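Report on the following structure.
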Amino acid sequence: MRFSKSLIPTLKENPAEAEVSSHRLLLRAGFIRKLTAGIYTYLPLGLAAVRKVENIVREEMNRAGAQEILMPMVQPADLWHETGRYEKYGPELLRFVDRHERESCLGPTHEEVITDLLRREVRSYRDLPQNLYQIQTKFRDEIRPRFGLMRGREFIMKDAYSFDVDDRSAEESYQRMFDAYMRIFSRCGLDFRPVEADSGTIGGSFSHEFMVLADTGEDTLVICSSCDYAANSEKAAVMAVTEDPSPMLDLEKIETPGKRKVPVVCEFLGIEAQELVKTMVFSAAGEPVAVLVRGDREVQDVKLKNLLGVADVEMLGDKDVFDATGVPTGYLGPIGLKIKLVVDNEVAAMKNFVTGANEKNYHCRNVNMGRDFEASAVADLRQITDTDPCPSCGEKLVMREGIEVGHVFKLGTGYSEAMHAVFQDSDGQDKPMVMGCYGIGVSRIVAAAIEQNHDENGMVFPLPIAPMQVILLNLGVKDVQITEASELLYKELLEKGVDVLLDDRDERPGSKFKDADLLGIPLRLTLGKSFSKNGLVELRHRSNGATEELLPHQVTERVLKIINLAATK
RNA sequence: CGGAACGUGGCGCAGUCUGGUAGCGCACUUGUCUGGGGGACAAGUGGUCGGAGGUUCAAAUCCUCUCGUUCCGACCA
């Protein structure tokens with residue numbers, strides 16, 4: 001690829017619209033251009049990086065026994081009605097009607113389409129297992145697209161689906177995909193962690209996310225400092241505490257005029273937030289539900305959602321709380337509360353705590369569960385913190401930010417039952433296929449890789465996913481000797497299958513160096529002064545700035561060696 | 001969904017408060033010099049000031065509506 005003939009519109013200045021580094025650099029380096037919010041065109045180098053990632057994904061999926069297909073982006077609403085997701089999925093699903101007034105949508109994911117395919121084509125247990133994948137553009141009408149390729153509305157995703165005869169076999173499929181994902185992200189040169197995750201709207205029984213560690217990540221992870229436990233903080237289990245053995249004291253109602261917020265009540269009563277229990281009211285599928293957590297804790301709504309078995313929970317506003325309970329917020333408590341009540345484990349182990357009295361300007365002291373109120377469920381409902389012990393080994397936890405680049409789910413039979421995707425087993429019985437689904441954000445990997453690998457001069461690509469492996473700088477386009485040698489080297493590298501960008505523009509050396517750094521191409525070859533003087537070619541590593549001087553005939557061999565080393569690492 | 005900011009040549013911005021000739025840097029074109037970390041000089045090209053409506057002798061500037069973009073937040077009682 002010749003720089004002079006390519007569309008690589010680099011920018012000297014930071015675009016006003018980009019905040020995070022990957023977004024800024026992708027625009028500055030001329031990898032992408034925005035069409036409209038969350039929707040981008042990939043320019044030659046941007047696409048080249050995407051293709052590199054795709055190829056790694058493809059190789060590893062194929063190696064794991066998955067088969068590549070390509071499904072439609074436009075999907076009929078009927079399929080989505082079958083699984084109930086046309087209603088449930090929410091406004092992220094872009095819906096429209098075609099000229100025949102048929103309801104349709106743009107695929108944000110393909111469980112319905114693939115399940116429809118398999119139910120038509122698979123009759124017998126002999127046809128299973130199947131694992132099919134595609135690399136395709138997805139559309140999700142995000143509320144707030146941001147950070148360039150990180151959270152776009154249109155993005156490139158690899159999605160795979162497995163179909164098995166039973167749970168045991170499905171778990172093997174899951175494990176195969178898990179292993180393939182480990183290889184994929186390692187090969188991409190990413191610093192990542194697989195973490196236990198919530199299975200979200202797609203549903204299913206268990207799942208892992210693959211998180212690239214980066215400060216700009218939108219998810220928070222907890223990682224054990226001692227064992228290999230790691231989880232998304234919204235899922236991370238909090239260890240149950242042992243019950244406080246103190247005897248129960250007499251219940252006492254106290255006047256707390258105007259004291260509503262936890263710190264205010266605590267200060268007024270001279271207690272710590274750990275001695276108080278707050279009562280939060282959520283709406284779950286239209287029903288109000290009260291949740292008790294300790295005063296200094298936060299309810300983790302994903303855990304609540306899972307306990308209640310609903311798609312979504314939402315905290316009620318002051319007015320809705322009053323309508324549901326007859327009590328103004330700030331004075332809520334469990335005693336005599338008329339709505340459903342669920343209690344965090346930690347609270348269940350507490351004795352003689354303070355709560356609201358369900359009466360304006362009053363709280364209660366020495367409240368005890370079992371004596372003063374009953375809960376309809378006790379469960380782990382609070383957000384984990386970094387002072388909590390590791391749920392696996394009890395050691396210290398560390399919290400980190402992460403970018404989700406992959407997600408594997410064991411789906412079970414939810415979709416296959418809803419859509420009657422059955423096969424005849426060896427005993428002659430019809431059984432639903434056991435499914436799994438596995439996603440990778442291909443375009444997001446490019447962004448995450450840049451987020452994780454850049455410096456003040458630009459991107460620093462890991463070799464395996466770099467759009468180009470080598471940038472060859474001809475610093476003397478008007479010098480016949482330098483130009484001839486550059487062209488020769490360029491051809492030689494191309495012949496050996498090296499991806500090389502020849503900077504043959506009539507620019508000053510400074511501009512070429514700056515652009516080379518910005519583009520983040522791992523290996524830079526320079527033919528300039530020291531070539532004229534001593535016939536030497538400079539090889540410089542973008543990542544650490546190390547340089548070596550080589551004779552022209554040594555260059556290709558040396559470059560190939562470095563590339564092969566990076567590939568086998 | 002709530003809040004805020006911004007929209008002026010390709011990019012980054014000033015001008016708007018206080019209405020009166022549309023400006024700066026970069027990029028681009030031509031020429032000369034220069035040639036290892038975003039060169040210098042000279043001469044040029046390019047803008048319905050996001051859109052619509054209104055006020056005014058006069059609107060980038062004031063008013064109304066609208067579209068677009070970005071950022072923050074989404075309630076812990």
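Computation of the quantities below employed the complete heavy-atom set of this structure, encompassing side-chain atoms and omitting hydrogens, waters and symmetry-equivalent molecules. Predicted model only: the values in this text are computed from it and were never measured. Chain letters run A, B, ... following the sequence lines, proteins first, then strands; residues in each count from 1.
- At B/rG38, none of the side-chain N or O atoms of A/Arg508 fall inside 4.0 Å of OP1 or OP2 (strictly under the cut-off).
- Within the 4.0 angstrom heavy-atom criterion, only backbone atoms of the sugar-phosphate kind lie near A/Arg260; the bases stay farther away.
- Within the structure, every side-chain polar atom (N or O) of A/Lys34 is placed at least 4.0 Å from both OP1 and OP2 of B/rU69.
- When both distances must be under 3.5 Å, the Watson-Crick or G-U wobble mate of B/rC6 is B/rG68.
- Look at A/Lys12 and you won't find any side-chain N or O under 4.0 angstrom from OP1 or OP2 of B/rC11.
- For A/Lys478, taking side-chain heavy atoms from C-beta onward, the closest of the listed nucleotides B/rG35, B/rG38, B/rC71 is B/rG35.
- A/Leu11 places its CG atom 9 Å from the C1' atom of B/rG10, with the value rounded to the nearest Å.
- Nucleotide B/rC24 forms a Watson-Crick or G-U wobble pair with B/rG12, both donor-acceptor distances falling under 3.5 Å.
- Residue A/Ile143 is in base contact, counting any heavy-atom pair closer than 4.0 Å across all strands shown.
- When the side-chain nitrogen and oxygen atoms of A/Thr36 are compared with OP1 and OP2 of B/rG68, none of them lie within a distance under 4.0 Å.
- For B/rG35, the base has a donor-acceptor partner in the side chain of A/Asp506 [N/O atoms by modelled type, under 3.5 angstrom].
- For B/rG36, the OP1/OP2 oxygens have a side-chain nitrogen or oxygen of A/Lys529 closer than 4.0 Å.
- Across all strands shown, A/Gln383 has no heavy atoms under 4.0 Å from either base or sugar-phosphate atoms.
- Of the C1' atoms belonging to B/rA27 and B/rG47, the separation is 15 Å, rounded to the nearest Å.
- Counting any heavy atom pair closer than 4.0 Å across all strands shown, A/Arg524 reaches a base atom.
- Residue A/Asn534 contributes atom CG, which lies 15 Å from atom P of B/rG36 at whole-angstrom precision.
- Looking at heavy-atom distances under 4.0 Å, A/Glu17 makes contact with sugar-phosphate atoms alone, never a base.
- Side-chain atoms of A/Glu538 lie closest to B/rG36 of the nucleotides B/rG38, B/rU69, B/rG36.
- Closest contact between the side chain of A/Ala16 and the listed nucleotides B/rG38, B/rC13, B/rC71 involves B/rC13.
- Annotation: cation-pi geometry not satisfied between A/Lys360 and A/Tyr331 (NZ/CZ under 6.0 angstrom from ring centroid, within 45° of ring axis).
- Which of B/rC71, B/rG36, B/rG35 sits closest to the side chain of A/Phe147 comes down to B/rC71.
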